[in-house]
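Report on one structure; see the data block that follows.
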Amino acid sequence: MTVIAAVLYAFILPLVELTYKKARQEITFPLVLEIQMVMCLAATCFCVVGMTIDGDFKVISREALDFKIGGSAFYYTLIVITGIVWQGFFLGAIGVVFCASSLASGVIISALLPVTEVLAVICFREKFQAEKGVSLFLSLWGFVSYFYGEYKSRKKVLEKQQPQETELPPLQVSDSVA
């Protein structure tokens, strides 16, 4: 199920960018906010239906009582704050697609993944297991690889634009004798 969710999320940003390019009207920031609101409202409805069918709403109060870090009030506060932070994340990701591209948004997301993992270990007292270490390593490796590739390709472009120091500039030949 997690792999399916990851694959579906991988299509969201490029599809949003495609929507922006295929739109028959000018894409403005208020329109971006409206698209974000519709996407989040659809996702919320989908999740509420799924949680209702599965009976997850009945488990929330029991889960809040078992919450180890604080009481149920802290648990519900954490759920609300998490929802607000996720909305900010999605708005930022869609905003980067609006201002730059889905690739830039993906690079920023992959750069923040290690930060999220470290903060989860610090804030939620999670154990730093092998899976987190591998995930952290792979995301940092991908991030560094992307920027190293960009550095190499820009270096090649700059080398092609500047003449080599060993080459003499071409002489201009004129027909007239001075």
Side-chain angles (χ1 to χ4, degrees), residues 1-61 63-64 67 69-70 72-124 126 131-132 134-147 149-150 153-154:
M1 193 64 137
T2 304
V3 174
I4 294 170
V7 168
L8 288 175
Y9 185 72
F11 284 111
I12 287 177
L13 297 177
L15 288 175
V16 167
E17 185 175 12
L18 181 66
T19 303
Y20 291 168
K21 289 182 179 182
K22 297 282 183 175
R24 293 190 174 130
Q25 66 184 45
E26 181 184 356
I27 302 295
T28 61
F29 192 68
L31 184 61
V32 170
L33 291 176
E34 187 176 336
I35 292 170
Q36 172 68 20
M37 185 183 72
V38 169
M39 284 176 33
C40 289
L41 186 62
T44 300
C45 292
F46 182 79
C47 290
V48 166
V49 168
M51 287 179 71
T52 303
I53 291 171
D54 200 34
D56 286 343
F57 286 112
K58 297 173 186 172
V59 180
I60 291 178
S61 58
E63 192 176 271
F67 197 58
I69 296 176
S72 62
F74 181 74
Y75 179 80
Y76 288 116
T77 305
L78 186 64
I79 288 175
V80 169
I81 290 172
T82 302
I84 292 169
V85 168
W86 273 108
Q87 288 304 313
F89 164 76
F90 287 128
L91 182 61
I94 298 298
V96 171
V97 172
F98 170 66
C99 293
S101 69
S102 60
L103 177 64
S105 184
V107 168
I108 291 171
I109 291 169
S110 69
L112 292 177
L113 182 65
V115 174
T116 305
E117 292 175 2
V118 171
L119 286 177
V121 169
I122 293 170
C123 296
F124 298 124
E126 289 185 4
E131 293 88 6
K132 281 195 191 315
V134 170
S135 175
L136 182 66
F137 172 74
L138 289 175
S139 62
L140 288 173
W141 182 23
F143 183 67
V144 169
S145 296
Y146 172 77
F147 280 106
E150 284 293 314
S153 64
R154 287 198 187 235

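Only this structure's heavy atoms are used, side chains among them; waters, hydrogens and symmetry mates stay out.
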Given Phe90 and Ile12, is the side chain to side chain contact (heavy atoms under 4.5 Å, CB included) satisfied, shown in steps? CA-CA 11 Å; Phe90 287 128; Ile12 287 177; over 6 Å; no
Between CD of Glu34 and CG of Leu31, what distance do you get to the nearest 0.5 Å? 6.0 Å
Taking the side chain as every heavy atom from C-beta outward, state whether Val49 and Cys45 have any atom pair closer than 4.5 Å. no
Write down the atom of Val48, the atom of Thr52, and the distance for their closest heavy-atom approach. O-OG1, 2.7 Å
Within the structure provided, determine whether Gln87 and Gln36 are in side-chain contact (heavy-atom separation under 4.5 Å). yes
Does atom CZ (Phe89) have a neighbourhood of more than 12 heavy atoms from anything else shown, all under 6.0 Å? yes
Test your reading of the model: is there a side-chain donor-acceptor pair from Ser135 to the backbone of Glu131, 3.5 Å cut-off? no
Distance in Å, Leu103 CG paired with Ile108 CD1, rounded so as to fall on 0.5 Å steps: 10.0 Å
How many angstroms lie between NZ in Lys22 and CG in Leu15, if you round to the nearest 0.5 Å? 12.0 Å
Which atoms form the tightest heavy-atom contact between Glu117 and Lys132, and what is the distance? OE1-O, 3.3 Å
If you take all heavy atoms of Ala104 and Ala100, which pair is closest and at what distance? CB-CB, 3.9 Å
Quick one: do Met39 and Ile35 satisfy side chain to side chain contact (heavy atoms under 4.5 Å, CB included)? Show the steps, please. CA-CA 6 Å; Met39 284 176 33; Ile35 292 170; 4.0 Å; yes
To check you understand the geometry: which heavy-atom pair defines the closest contact between Ser105 and Ala93, and what is its length? OG-O, 3.2 Å
Gly106 and Leu13 have their tightest heavy-atom pair at N-CD1, 4.4 Å
Can you classify the ring geometry of Tyr20 versus Phe98 as parallel (below 30°), tilted (30 to 60°) or perpendicular (above 60°)? perpendicular
Hey, what do you get for CD1 (Ile94) to SG (Cys99), rounding to the nearest 0.5 Å? 11.5 Å
Within a reach of under 6.0 Å around CZ of Phe57, are more than 12 heavy atoms found that belong to other residues, nucleotides or ligands? yes
Of all heavy-atom pairs linking Val97 and Ser102, the shortest is CG2-CA, 3.8 Å
